[in-house]
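Input: a single structure, listed below in structure tokens.
Residue numbering restarts at 1 for every chain, and letters A, B, ... go by the order of the sequence lines. Here the structure is a predicted model, which is why all the values come from computation and not from measurement.
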Amino acid sequence: MDVTTILETLNPAQQEAVVSDRKHLLVLAGAGSGKTRVLVHRITWKVQVENIAPHAILAVTFTNKAAREMRERIDRLLGFSLKGMWVGTFHGLAHRLLKLHWRDAELDENFQILDSDDQLRFIKRIMKNLNLDEQRWPPRQAQWWINAQKDEGIRASHIQSTDDPYIKTMLDVYREYEVTCKRSGVIDFAELLLRSLELWRQNSAVLSHYQQRFKHVLVDEFQDTNAVQYAWLRVLAGKLGEVTAVGDDDQSIYGWRGAKVENIRNFQVHFEETHLVRLEQNYRSTSNILRAANAVIQRNAGRLGKKLWTDAGDGEAVALYAAHNEHDEARYITDRINNWLSDGNRRDEIAILYRSNRISRVLEGALLQADIPFRVYGGQRFYERIEIKNTLAYLRLIVDRCNDSAYERVVNFPPRGIGDRTLESIRQEARKQDSSLWEAALAMTSGGRLSGRASNAVEGFAELINSMSEDLTDATLANFAETAIQKSGLKDFYRREKGEVGLSRVENLEELVAACRNFYPDEEERSELLQFLDQVSLDAGDRRVEDGEDAVQLMTLHSAKGLEFPLVFMVALEENIFPSKMSLDEPGRLEEERRLAYVGITRAKKKLFISYAENRSMYGAGSGSYNPISRFIREIPAGVLEEVRLRSAITRPTSLGSRGLQSDEGEGTGFYLGQQVNHQVYGEGVILNFEGNGPRARVHVKFAGVGMKILILSSARLSPT
DNA sequence: AAGGCAAATGTTTTT
DNA sequence: CATTTGCCTT
């Protein structure tokens with residue numbers, strides 16, 4: 001392959017990025033500007049033109065899907081397989097490292113990955129043992145806290161104990177959690193990253209091996225890196241490694257999970273001699289859509305700055321629909337969808353995007369009613385389903401009897417007469433002799449220390465696992481899984497379960513067998529089953545691209561990142577919903593919400609519909625709440641917006657107000673959102689929300705010191721400050 | 001130990 | 001409203 005083939009399909013900015021020979025490279029790639037393309041072509045360039053060995057390249061992404069895609073595209077462009085190039089997710093690569101250096105990393109050889117579900121179970125157990133009140137200290141919160149620490153690279157031992165009861169309690173749980181994980185030979189997602197970072201930091205021989213090897217490090221979606229991932233990259237790059245980072249600070253939407261936009265903003269500070277390239281030409285959307293996106297994101301402070309443009313024409317205006325309520329909104333959407341379809345378009349070109357999953361419910365109902373096939377993404381993923389996890393637990397136990405979380409999950413599932421009391425005594429024994437549950441159970445049954453019935457049941461379980469284990473020899477993975485599902489009693493259990501739920505569970509079990517059949521191991525030494533289990537822990541089995549069925553796609557704005565659709569509906573653009581109520585006080589979080597709006601708008605290729613409901617019921621039928629129109633709608637210039645009104649405004653004047661789209665006003669009140677006001681009793685505050693209208697209109701005001709108050713506007717006698 | 005009923009509880013989620 | 005959770009009964 002010659003130079004021109006790599007470059008000819010690229011625009012000048014893309015070419016500049018691909019051939020850059022400064023030490024480091026930061027590519028600020030706007031939505032739809034061809035970032036993956038640049039990454040793939042740059043790798044090809046290095047191999048084909050600069051004669052860099054594939055062996056010396058490490059490319060890292062966040063999702064398995066992105067990693068797969070990158071691998072395929074490099075393969076295709078390069079014309080030969082990756083040959084020792086490391087391409088994978090942060091977690092996948094970290095896992096690989098830890099597998100190779102398990103001894104140096106002080107891990108069990110067969111360490112297992114703890115998914116967030118199992119992690120929560122662990123933490124619940126620990127908190128129970130510590131006699132912590134679940135009401136006062138919700139385990140989810142502890143899980144959140146621990147993960148947040150780990151994402152920052154903070155170990156329990158790094159934290160100073162304080163008098164603060166919250167920190168004290170969390171720290172106790174964290175400490176105990178570390179011990180439990182170690183004893184059980186499991187590591188959680190955050191631990192994969194942190195442990196591999198520590199491995200490098202503490203073991204210079206291992207580190208220098210990888211520094212010698214990976215002279216070229218490339219990172220996708222750089223704006224989503226957290227503190228540990230960033231440190232990981234810096235350590236690996238060392239003084240000599242060359243780093244290419246591709247990302248978009250405007251699309252950083254995972255701050256709440258520890259991602260640091262600062263990482264991309266500071267890149268040029270920490271990585272000297274950086275060449276900065278902006279990709280601003282967008283190949284996805286019409287001008288009108290981009291104008292809307294640019295105008296919204298422009299409101300954020302501290303951006304690296306970037307303005308998308310396109311060769312494409314203006315296209316249609318962005319449509320805005322003010323719905324009476326969520327049902328009206330849903331009906332409007334199904335009507336538009338039917339129009340689109342009757343023009344001969346496909347359903348899978350359509351996406352409906354929302355801030356939070358609960359919004360989808362009414363839409364699902366409407367689509368069902370309108371007979372429009374759809375698929376809701378997000379929510380449960382394949383390998384997270386309970387029936388799948390149970391099956392996998394059997395498989396894990398067969399591979400490793402000492403896997404306590406697997407043991408706990410299935411000792412008594414399907415029910416076989418091993419209750420809480422029995423299990424608790426086994427747990428105690430395990431803790432006493434510092435062994436696995438399996439070993440403790442064995443000791444107790446052979447020592448006759450369990451009642452006859454319990455003893456028989458526990459023994460029976462052990463025999464079951466042992467006998468399943470024998471089936472492993474010379475069966476194919478799929479056949480083995482099938483027998484396991486059979487013998488464990490899972491199949492019978494779910495078959496007997498009534499309703500559609502049971503049916504779909506049996507189907508999922510069959511699908512798992514199919515997944516086994518389609519699995520191709522890539523290592524020689526380790527057994528197929530071991531490799532399968534590892535892959536499954538790291539890949540949730542997101543089946544988004546599934547069978548290419550022609551269905552409308554419903555998903556959250558978060559899960560829409562990276563996707564594009566000719567026709568996009570952004571729904572429920574109301575204050576407190578989008579932007580979400582939780583993000584309203586902190587400016588940083590509000591900016592993240594705005595980025596989310598930017599992500600949403602830029603998903604649309606041809607036509608974007610935005611809608612909001614003047615009244616939205618929280619759950620089901622209640623009277624519902626009046627949320628003001630989302631500020632993000634106001635931030636879209638009037639020129640690209642076209643307000644659709646199907647009926648005359650009877651119930652409520654449009655929240656846009658007579659002064660048009662630019663106003664930030666709570667209609668007819670004389671006040672506006674975010675305004676500083678004074679109250680005779682509460683003092684100074686800021687207006688966060690309007691509710692209702694007419695004489696009953698109320699305002700939500702957050703007062704300094706006093707907190708949030710809801711006041712009747714007509715009697716509160718607020719004055720502007 | 002297992003099943004049934006009332007009460008609690010509801011952002012976003014790459015791995 | 002709809003789903004999950006924990007308590008209570010058998």
Side-chain angles (χ1 to χ4, degrees), chain A residues 60-68 88-95 113-117 119 124 134-135 138-140 143-144 147 150-151 187-193 220-221 223-226 228-229 251-259 326 353-362 364-365 377-381 383-384 386 412-423 451 453-454 457 501 534-542 544 555-563 572 576-584 589 592-593 595-597 599-600 617-622 624:
Chain A
V60 58
T61 63
F62 278 85
T63 66
N64 289 297
K65 193 175 150 225
R68 266 194 298 273
T89 63
F90 275 104
H91 292 86
L93 298 182
H95 180 249
I113 295 162
L114 196 68
D115 69 24
S116 39
D117 228 55
Q119 185 185 38
K124 273 189 180 155
E134 291 211 357
Q135 295 299 312
R140 277 187 184 287
Q143 181 186 24
W144 181 270
N147 286 334
K150 289 194 169 197
D151 284 345
I187 71 179
D188 59 47
F189 288 129
E191 186 75 28
L192 281 168
L193 302 171
D220 194 15
E221 303 278 17
Q223 76 283 351
D224 289 333
T225 50
N226 67 26
V228 170
Q229 287 158 338
Q251 291 189 67
S252 162
I253 55 175
Y254 286 105
W256 51 275
R257 268 187 96 210
E326 70 273 20
L353 310 181
Y354 35 78
R355 177 63 237 260
S356 80
N357 283 310
R358 66 159 206 249
I359 302 290
S360 74
R361 212 165 238 138
V362 175
E364 288 173 48
Y377 293 105
Q380 275 243 309
R381 274 184 297 263
Y383 291 123
E384 275 167 14
I386 192 88
N412 197 34
F413 195 90
R416 48 174 71 88
I418 302 169
D420 247 4
R421 279 233 316 265
T422 313
L423 192 53
S451 75
R453 226 170 55 180
V501 199
D534 278 344
Q535 195 224 254
V536 155
S537 321
L538 288 165
D539 187 342
D542 198 347
R544 178 164 299 167
M555 66 187 85
T556 62
L557 288 155
H558 282 90
S559 36
K561 196 175 79 163
L563 306 177
N576 297 325
I577 292 182
F578 186 33
S580 147
K581 190 148 122 208
M582 325 295 248
S583 309
L584 282 177
R589 306 207 50 192
E592 183 157 310
E593 296 278 313
R595 282 181 233 126
L596 202 49
V599 167
S617 317
M618 285 298 245
Y619 302 106

With respect to the phosphate group of B:dT12, does any side-chain polar atom (N or O) of A:Ser559 fall under 4.0 Å of OP1 or OP2? no

*When you look at A:Glu592 and A:Arg595, which way does the salt bridge (Lys or Arg N to Asp or Glu O under 4.0 Å) test go after all the steps?*
CA-CA 5 Å; A:Glu592 183 157 310; A:Arg595 282 181 233 126; 3.7 Å; yes

Classify the nucleic acid contact of A:Asp188 as base, sugar-phosphate or nothing, counting any heavy atom under 4.0 Å across all strands shown. nothing

| Just wondering, do A:Leu423 and A:Asn412 contact through their side chains at under 4.5 Å, heavy atoms? | no

Between CD1 of A:Ile253 and C1' of B:dT13 the distance, given in whole Å, is 10 Å

- Which part of the nucleic acid does A:Thr556 contact within heavy-atom distance under 4.0 Å: base, sugar-phosphate only, or nothing? sugar-phosphate

Short side-chain donor-acceptor distance under 3.5 Å, A:Gln119 and A:Gln143:
yes

Output for pair (A:Ile113 CD1, A:Asp534 CG), nearest 0.5 Å, gives 6.0 Å

Side-chain contact check for A:Thr63: nearest option of B:dA2, B:dT11, B:dT15 is B:dT15

Discussion item. Would you say that A:Gln223 contacts A:Tyr254 through its side chain, given a criterion of any heavy-atom pair below 4.5 Å between the two side chains?
Written reply: no

What's A:Glu593 touching, base or sugar-phosphate or nothing? Going by heavy atoms closer than 4.0 Å. base

In whole angstroms, the gap separating P of B:dT12 from CG of A:Leu584 amounts to 16 Å

Between CZ of A:Arg416 and P of B:dA2 the distance, given in whole Å, is 10 Å

Rounded to whole Å, the CD-P distance (A:Gln143 to B:dT13) equals 15 Å

Checking B:dT15, B:dT12, B:dT11 against the side chain of A:Asn64 (C-beta onward), the nearest is B:dT15

Looking only at atom C1', what distance separates B:dT12 and C:dT5, rounded to whole Å?
-> 23 Å

Side-chain contact check for A:Trp144: nearest option of B:dA2, B:dT12, B:dT15 is B:dT12

- Message: Mind checking if A:Arg140 touches a base, just sugar-phosphate, or nothing, with heavy atoms under 4.0 Å?
- Response: nothing

A:Arg358 CZ to B:dT12 C1', in whole Å, measures 12 Å

note: A:Asp420, atom CG; C:dC7, atom C1'; distance rounded to Å ~ 13 Å

Between CD1 of A:Ile359 and P of B:dT12 the distance, given in whole Å, is 10 Å

Whole-Å distance, A:Asn226 CG to B:dT13 P, equals 18 Å

_Looking at B:dT13, I'd like to know if its phosphate oxygens (OP1 or OP2) sit under 4.0 Å from a side-chain N or O belonging to A:Asn357._
yes

5'-most contact on DNA chain B (nearest-nucleotide basis), A:Leu596 vs A:Ala454, goes to A:Ala454

Base orientation of B:dT11, chi within 90° of 0 counted as syn, else anti, reads syn

Query raised in the report: Under 4.0 angstrom, heavy atoms only, what part of the nucleic acid is A:Phe90 near: base, sugar-phosphate, or nothing?
Result: nothing

Note: for A:Met582 and A:Leu538 on DNA chain B, the residue whose nearest nucleotide lies more 5' is A:Met582

- prompt: Using a cut-off of 4.0 Å on non-hydrogen atoms, how would the nucleic acid contact of A:Ile418 be classed: base, sugar-phosphate, or nothing?
  reply: sugar-phosphate

Answer yes or no for this row: A:Trp256 ring on B:dT12 base, centroids under 5.5 Å, planes under 30°.
yes

message = Measuring only between side-chain heavy atoms, which start at C-beta, is A:Val228 closer than 4.5 Å to A:Lys150?
response = no

Has the side chain of A:Arg361 got a donor or acceptor atom sitting under 3.5 Å from an opposite partner on the base of C:dT3? no

Less than 4.0 angstrom between a side-chain N/O of A:Thr422 and OP1 or OP2 of B:dA1, yes or no?
yes

Describe the nucleic acid contact of A:Ser583 in one word from base, sugar-phosphate, nothing, applying a heavy-atom distance below 4.0 Å.
base

Regarding the side chain of A:Gln135, the nearest nucleotide among C:dA2, B:dT9, B:dT12 is B:dT9

*Flag the pair A:Arg355 / A:Leu596 as yes when at least one side-chain heavy-atom distance between them is below 4.5 Å, and no otherwise.*
yes

